[in-house]
Amino acid sequence: MGTKQHQAAILLVVSRIPRGQVASYGQVAELAGLPGRARLVGRILSRLPDNSNIPWQRVVNARSEISFARDSDAYRRQRQLLEQEGVFFSGARIRRQSHWQPQ
DNA sequence: AATTTGACCAGTA
DNA sequence: CTACTGGCCAAAT
(Lines give C-alpha, C1' and ligand atoms only; values in the text may rest on other atoms or scores of the structure.)
Protein backbone atom coordinates (compact mmCIF):
# COMPACT_ATOMS: atom_id res chain seq x y z
CA MET A 1 0.00 0.00 0.00
CA GLY A 2 1.60 3.22 -1.12
CA THR A 3 0.97 6.81 -0.15
CA LYS A 4 -0.58 7.52 -3.54
CA GLN A 5 -3.47 5.22 -2.78
CA HIS A 6 -3.81 6.46 0.74
CA GLN A 7 -4.02 10.00 -0.56
CA ALA A 8 -6.65 9.05 -3.11
CA ALA A 9 -8.75 7.32 -0.46
CA ILE A 10 -8.46 10.26 1.90
CA LEU A 11 -9.32 12.88 -0.70
CA LEU A 12 -12.31 10.84 -1.83
CA VAL A 13 -13.70 10.85 1.69
CA VAL A 14 -13.06 14.57 2.15
CA SER A 15 -14.76 15.36 -1.15
CA ARG A 16 -17.87 13.61 0.16
CA ILE A 17 -18.28 15.71 3.30
CA PRO A 18 -21.49 17.64 2.61
CA ARG A 19 -21.45 21.41 2.31
CA GLY A 20 -22.22 22.99 5.68
CA GLN A 21 -20.88 20.03 7.65
CA VAL A 22 -17.54 18.94 9.06
CA ALA A 23 -15.66 15.72 9.87
CA SER A 24 -12.63 15.16 12.08
CA TYR A 25 -9.20 14.08 10.85
CA GLY A 26 -9.63 10.81 12.67
CA GLN A 27 -13.07 10.24 11.23
CA VAL A 28 -11.80 10.86 7.71
CA ALA A 29 -8.92 8.43 8.27
CA GLU A 30 -11.32 5.83 9.59
CA LEU A 31 -13.72 6.20 6.67
CA ALA A 32 -10.79 5.99 4.25
CA GLY A 33 -9.86 2.62 5.71
CA LEU A 34 -6.86 4.01 7.60
CA PRO A 35 -7.77 3.82 11.30
CA GLY A 36 -5.33 5.56 13.63
CA ARG A 37 -3.83 7.67 10.89
CA ALA A 38 -5.36 11.09 11.52
CA ARG A 39 -1.99 12.78 11.14
CA LEU A 40 -1.71 11.44 7.63
CA VAL A 41 -4.95 13.23 6.78
CA GLY A 42 -3.58 16.53 8.06
CA ARG A 43 -0.34 16.07 6.20
CA ILE A 44 -2.11 15.33 2.91
CA LEU A 45 -4.41 18.33 3.27
CA SER A 46 -1.50 20.61 4.10
CA ARG A 47 -0.02 19.79 0.71
CA LEU A 48 -3.08 20.53 -1.40
CA PRO A 49 -2.50 23.15 -4.09
CA ASP A 50 -4.27 26.48 -3.63
CA ASN A 51 -6.43 25.84 -6.66
CA SER A 52 -7.69 22.51 -5.33
CA ASN A 53 -11.44 21.95 -5.37
CA ILE A 54 -11.22 19.60 -2.39
CA PRO A 55 -13.29 20.99 0.52
CA TRP A 56 -10.36 20.84 2.96
CA GLN A 57 -12.02 23.40 5.21
CA ARG A 58 -14.56 20.79 6.30
CA VAL A 59 -11.92 18.80 8.20
CA VAL A 60 -11.41 19.86 11.81
CA ASN A 61 -9.87 18.30 14.90
CA ALA A 62 -11.45 15.93 17.41
CA ARG A 63 -12.27 18.82 19.75
CA SER A 64 -14.50 20.29 17.05
CA GLU A 65 -12.15 23.19 16.51
CA ILE A 66 -10.15 24.49 13.61
CA SER A 67 -6.63 23.17 14.03
CA PHE A 68 -4.80 26.36 13.05
CA ALA A 69 -3.84 28.98 15.61
CA ARG A 70 -6.69 31.39 16.37
CA ASP A 71 -4.61 34.37 15.34
CA SER A 72 -3.39 32.93 12.02
CA ASP A 73 -4.56 33.83 8.52
CA ALA A 74 -5.17 30.16 7.87
CA TYR A 75 -7.58 30.04 10.80
CA ARG A 76 -9.51 33.06 9.58
CA ARG A 77 -9.66 31.71 6.04
CA GLN A 78 -10.99 28.33 7.11
CA ARG A 79 -13.49 29.84 9.50
CA GLN A 80 -14.82 32.24 6.91
CA LEU A 81 -15.27 29.44 4.39
CA LEU A 82 -17.14 27.33 6.94
CA GLU A 83 -19.40 30.14 8.11
CA GLN A 84 -20.08 31.02 4.48
CA GLU A 85 -21.45 27.57 3.91
CA GLY A 86 -23.57 27.52 7.05
CA VAL A 87 -21.43 25.81 9.69
CA PHE A 88 -22.37 27.03 13.17
CA PHE A 89 -19.82 27.99 15.81
CA SER A 90 -20.14 28.53 19.54
CA GLY A 91 -17.00 30.50 20.23
CA ALA A 92 -14.18 28.47 18.70
CA ARG A 93 -16.23 25.28 18.81
CA ILE A 94 -18.30 23.88 15.97
CA ARG A 95 -21.76 22.83 17.04
CA ARG A 96 -22.79 19.20 16.95
CA GLN A 97 -25.48 19.84 14.40
CA SER A 98 -22.81 20.71 11.86
CA HIS A 99 -21.05 17.37 12.19
CA TRP A 100 -21.27 14.91 9.34
CA GLN A 101 -22.81 11.60 10.26
CA PRO A 102 -22.46 9.23 7.30
CA GLN A 103 -24.44 6.00 7.27
C1' DA B 1 21.51 8.41 9.47
C1' DA B 2 19.23 10.28 13.60
C1' DT B 3 16.07 13.43 15.59
C1' DT B 4 12.37 16.60 15.61
C1' DT B 5 8.13 18.24 14.00
C1' DG B 6 3.31 18.40 12.89
C1' DA B 7 -3.68 21.10 9.85
C1' DC B 8 -4.02 14.41 15.06
C1' DC B 9 -6.36 11.22 18.58
C1' DA B 10 -8.26 8.00 22.16
C1' DG B 11 -7.61 6.54 26.69
C1' DT B 12 -6.68 7.50 31.34
C1' DA B 13 -6.30 10.09 35.65
C1' DC C 1 -12.29 20.99 32.49
C1' DT C 2 -6.63 20.10 32.01
C1' DA C 3 -2.41 16.90 31.68
C1' DC C 4 -0.09 13.25 30.27
C1' DT C 5 0.77 8.75 27.42
C1' DG C 6 1.44 6.19 23.63
C1' DG C 7 0.06 5.58 19.02
C1' DC C 8 0.75 7.31 14.11
C1' DC C 9 4.51 8.36 10.17
C1' DA C 10 6.34 11.34 6.25
C1' DA C 11 8.94 15.49 5.80
C1' DA C 12 11.95 18.64 7.46
C1' DT C 13 16.12 19.58 10.06
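In what follows, chains carry the letters A, B, and so on, assigned in the order in which the sequence lines appear, proteins first and then strands, with residues in each chain numbered from 1.
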[X] [atom1]: over 12 foreign heavy atoms closer than 6.0 Å:
X	atom1	value
A:Arg76	CZ	yes
A:Gln84	CD	yes
A:Arg95	CZ	yes

Looking at residues 88-103 of chain A, who's got a heavy atom less than 4.0 Å off DNA chain C?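 Within this stretch, A:Arg93 sit under 4.0 Å of the strand.
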Between B:dA7 and C:dC4 - C1' atom distance, rounded Å: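 C:dC4 and B:dA7 have their C1' atoms separated by 22 Å.
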Side chains of [X] and [Y], heavy atoms from C-beta outward: is any pair under 4.5 Å?
X	Y	value
A:Val87	A:Gln21	no
A:Ile94	A:Leu82	yes
A:Phe88	A:Glu83	no
A:Val14	A:Pro55	yes

Is the Lys NZ or Arg CZ of A:Arg39 less than 6.0 Å from the centre of A:Tyr25's six-membered ring, within 45° of the axis?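 No.
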Is a donor on one side and an acceptor on the other found under 3.5 Å between the side chain of A:Gln78 and the backbone of A:Val59?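 Side chain of A:Gln78 to backbone of A:Val59, a donor-acceptor pair under 3.5 Å: yes, one is there.
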Sugar-phosphate atoms are those with a prime plus P, OP1 and OP2; base atoms are the rest. Using that split, label each nucleotide of nucleotides 5-13 of chain C B, S or - for protein heavy atoms under 4.0 Å, 5' to 3'. --BBSSSS-
Step by step, work out the salt bridge (Lys or Arg N to Asp or Glu O under 4.0 Å) result for A:Glu85 and A:Arg58. CA-CA 10 Å; A:Glu85 59 185 66; A:Arg58 297 178 192 154; 2.6 Å; yes
Shoot me the first and last contacting nucleotide of DNA chain B against chain A, ordered 5' to 3', at under 4.0 angstrom to non-hydrogen atoms.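 It runs B:dG6 to B:dA10.
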